[in-house]
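Just passing along the structure, written as structure tokens.
All figures in this text were calculated on a predicted structure; none of them were measured in a lab. In what follows, chains carry the letters A, B, and so on, assigned in the order in which the sequence lines appear, proteins first and then strands, with residues in each chain numbered from 1.
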There are 2 protein chains.
Amino acid sequence: MDKRIPEETITRLSYYLRALAYFRDEHRSIVSSRQLAQYLKITPHQLRRDLSYFGHFGKQGVGYSCENLIDGIRKILGLDREHRACVVGFGNLGRALSSYRGFQDQGIIIKAVFENDKSKINKTHKALKVYDLDTMEKVIREENIRIGIIAVPKCSAENIAQRLYACGIRAILNLAPVKLNIDKECIIKEIDLSCQLAYLTYRLNLKA
Amino acid sequence: MDKRIPEETITRLSYYLRALAYFRDEHRSIVSSRQLAQYLKITPHQLRRDLSYFGHFGKQGVGYSCENLIDGIRKILGLDREHRACVVGFGNLGRALSSYRGFQDQGIIIKAVFENDKSKINKTHKALKVYDLDTMEKVIREENIRIGIIAVPKCSAENIAQRLYACGIRAILNLAPVKLNIDKECIIKEIDLSCQLAYLTYRLNLKA
DNA sequence: TAGATTGTTAATCGATTAACAATC
DNA sequence: TAGATTGTTAATCGATTAACAATC
């Protein structure tokens, strides 16, 4: 349990959850590492190795109970609890993130959206409150929000990140295409869509 | 040049571009691997190692010319050409992707959007044409589109992917939370936002 | 018990880091 | 020439794969 756990392992756990949900929905209550691996197109070794960092989830000679393993992984990932998050920026991307179904399924609840543009503020979009960016610190404290999702233009991302950190946020998902310069006590996950696309253009280029 | 190039190296090239753009905009025409690495919070070794897969971009004793290296990396990533792409699905996420600035900067041009919902079709949103999903194959051929970006609900993602493949698309960016089961000749990059968030909840959980 | 599959230890593979010779 | 920094080879580190003993 105290061995260094690769970050890749953590990411894969999410994919394992997906696969398990599939088997559960097919009413296969028991599933083997071989079956899961085949579905996920990885090796069964990797799956078992990854799980072994966290404990004993299966029965030798039998396999894994879908329900058990789902519960186990959800617990590891902290998805058995409620996580209160906010989205900063209510442009197209902010809008998409605020209403993203996948988050709710994982216990992540968007409690507030913050926006600069006065015309968008104080409206309620499908049970979602859009607040004035100026009140961000206040609302985050009141609503006990712990996760910040940054969906503002890159020029203001750094400033927003600093403000989030200053009011106690220690986990940030950053969708602005900038490297945030923030205390490493704060966990940051960066997603840059255009970097991902550049990988595709690279590979396409190799072929041509 | 023919050594196996790690996928991580390719991803990092995009980040190097970003950093170089920063130094260029600061009017620093020459930059060393040490300076770039410091900015990017990586080691200078890694930067040089990564670049060495592709050739000689610097001058010993001097450093790298920003302009040269930018051009070089853009060429490697295929960003010096025009790439014609389409977005499938015009929900919140599709809308965000269609108008994402970062793509245009990288030579990726969204030529068409496809959507099921008849009420959204045939309208033009800021120079962006929204077509009936039924005409997808036809438009892709006519517009010579090479990259598909999937932003539909997970239940229809697999079907869309198959259709894209069938009409010649060999590069897909998938934002639906499903593993696409598609011929491996097709390059696929998957981004699952909720998996990324799960990494944050995992790390938050460790602290608590 | 025999068959099957897990969990873990060992072996392999690959990526990152370091060191240094080449050279501007 | 002396100083600096690259590009590359070698060393280290870590992750994945394989093998197998434990056990259901």
Side-chain angles (χ1 to χ4, degrees), chain A residues 1-16 19-20 23 28-73 75-76 195 199 202, chain B residues 1-16 19-20 23 28-73 75-76 195 199 202:
Chain A
M1 191 86 177
D2 55 355
K3 266 186 203 164
R4 191 101 217 98
I5 297 164
E7 192 175 320
E8 287 91 339
T9 292
I10 305 304
T11 311
R12 280 192 297 265
L13 290 181
S14 290
Y15 292 95
Y16 299 166
L20 285 160
F23 282 99
R28 314 266 293 276
S29 57
I30 303 288
V31 70
S32 70
S33 61
R34 200 169 41 77
Q35 293 170 316
L36 281 167
Q38 196 173 349
Y39 180 85
L40 290 156
K41 294 190 182 117
I42 59 167
T43 68
H45 308 107
Q46 182 160 63
L47 180 90
R48 296 208 301 275
R49 187 84 253 266
D50 282 343
L51 292 177
S52 78
Y53 286 112
F54 302 99
H56 304 216
F57 296 96
K59 270 198 176 57
Q60 274 114 324
V62 182
Y64 301 91
S65 146
C66 281
E67 286 299 345
N68 273 2
L69 191 48
I70 287 174
D71 287 352
I73 295 179
K75 210 169 256 171
I76 294 164
C195 290
Y199 174 73
Y202 165 75
Chain B
M1 192 85 177
D2 53 359
K3 267 186 205 165
R4 190 102 216 96
I5 297 164
E7 192 175 320
E8 287 91 340
T9 292
I10 305 304
T11 311
R12 280 192 295 266
L13 289 181
S14 289
Y15 292 94
Y16 299 166
L20 285 160
F23 282 98
R28 313 267 292 275
S29 56
I30 303 288
V31 69
S32 70
S33 60
R34 199 169 42 78
Q35 293 170 315
L36 280 168
Q38 196 175 348
Y39 181 84
L40 290 156
K41 293 189 183 116
I42 59 168
T43 69
H45 306 108
Q46 181 160 64
L47 180 90
R48 296 207 302 273
R49 188 82 252 264
D50 283 342
L51 292 177
S52 79
Y53 286 112
F54 302 99
H56 305 216
F57 296 97
K59 269 198 176 56
Q60 275 114 324
V62 182
Y64 301 91
S65 146
C66 281
E67 286 298 345
N68 273 2
L69 191 48
I70 286 173
D71 287 351
I73 295 179
K75 211 169 254 172
I76 295 164
C195 290
Y199 174 74
Y202 164 76

With respect to the side chain of Gln60(B), which nucleotide from dC24(C), dT16(C), dT17(D) is positioned closest?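 Taking heavy atoms from C-beta onward, the closest nucleotide is dC24(C).
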Which nucleotide in the set dT17(D), dG7(D), dT16(C) lies at the smallest distance from any side-chain heavy atom of His56(B)?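 Shortest atom-to-atom distance from the side chain points to dG7(D).
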Euclidean distance, atom CG of residue Leu51(B) to atom C1' of dT8(D) [Å, nearest integer]: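 Taking CG of Leu51(B) and C1' of dT8(D), I get 13 Å after rounding.
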Please find the pair of heavy atoms, one from Arg48(B) and one from Ser33(B), that lie closest to each other, and give the distance.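 In this case the closest contact between Arg48(B) and Ser33(B) is NH1-OG, 3.0 Å.
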Can you measure Ile30(A) atom CD1 to dA4(C) atom C1' for me and round it to whole angstrom units?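 Atom-to-atom, Ile30(A) to dA4(C), this comes out as 13 Å.
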Kindly point out which of dC24(C), dC20(C), dT17(D) is positioned nearest to the side chain of Arg48(B)?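 My answer, after comparing the listed nucleotides, is dC20(C).
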Ignoring hydrogens and geometry, is there a side-chain-to-backbone donor-acceptor pair from Gln35(B) to Ser32(B) under 3.5 Å?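 The answer is yes, because a donor-acceptor pair under 3.5 Å joins these two groups.
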Take atom CG of Leu47(A) and atom P of dT5(C), then tell me their distance rounded to the nearest Å.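 After rounding, the gap between these two atoms is 14 Å.
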Let me spell it out: for each of Val62(A) and Pro6(A), pick the nucleotide of DNA chain D with the closest heavy atom. Which residue's pick is nearer the 5' end?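 On the 5' side of the pair lies Pro6(A).
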Please name the nucleotide paired to dA22(D) by Watson-Crick or G-U wobble geometry with both distances under 3.5 Å, or report none.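 Pairing partner, where one exists within any strand: dT5(C).
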Identify the two heavy atoms, one from Arg4(A) and one from Tyr53(A), that lie closest to each other, and give their separation to 0.1 Å.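 Scanning both residues completely, I find the closest heavy atoms to be O-CE2, 3.9 Å.
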Which of these nucleotides, dA19(D), dT5(C), dT8(C), is closest to any side-chain atom of Ser52(A)?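 For Ser52(A), the side-chain atoms sit closest to dT8(C).
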How about Ile5(B) and Tyr202(A): do any of their side-chain heavy atoms sit closer than 4.5 Å?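 In short, these two side chains touch, coming nearer than 4.5 Å.
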Nucleotide dA15(D), atom P - distance to CD of Glu8(B) in whole Å: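 Those two atoms, CD and P, are 11 Å apart.
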Proximal nucleotide (of dT16(D), dC24(D), dA15(C)) relative to the Gln46(A) side chain: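 When the side chain of Gln46(A) is considered, dT16(D) is the closest of dT16(D), dC24(D), dA15(C).
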Return the 5'-most residue of the pair Lys59(A), His45(A) with respect to DNA chain D, ranking by each residue's nearest nucleotide.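 Closer to the 5' end of DNA chain D: His45(A).
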Check: Phe23(A) and Leu69(A) side chains under 4.5 Å, non-hydrogen atoms: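 In short, these two side chains do not touch, never coming nearer than 4.5 Å.
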Quick check for you: among dT9(C), dT17(C), dT16(C), whose closest atom lies nearest to any side-chain atom of Arg49(A)?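 Among the listed nucleotides, the one closest to the side chain of Arg49(A) is dT9(C).
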Just how far, in rounded Å, is C1' of dC24(D) from OH of Tyr64(A)?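 Distance, rounded to whole Å: 13 Å.
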Rounded to whole Å, please give me the gap between CG in Leu69(B) and C1' in dT5(D).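 After rounding, the reported distance stands at 14 Å.
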Atom-to-atom span, CZ of Arg4(B) to P of dC13(C) - whole angstrom: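 It is 15 Å, rounded to the nearest whole Å.
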Whole angstrom is fine here: how far is it from CD in Glu7(A) over to C1' in dA15(D)?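 Atom CD in Glu7(A) sits about 13 Å away from atom C1' in dA15(D).
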Which nucleotide, in any strand shown, forms a Watson-Crick or G-U wobble pair with dG14(D), with both distances under 3.5 Å?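 In the structure as shown, dG14(D) has dC13(C) as its Watson-Crick or wobble partner.
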Contact under 4.0 Å: Arg12(A) side-chain N or O vs dT16(D) OP1/OP2: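 Yes, Arg12(A) has a side-chain N/O under 4.0 Å of OP1/OP2 on dT16(D).
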Scan Ser33(B) against the nucleic acid and name what it touches under 4.0 Å (heavy atoms): base, sugar-phosphate only, or nothing.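 Sugar-phosphate, no base atom in range.
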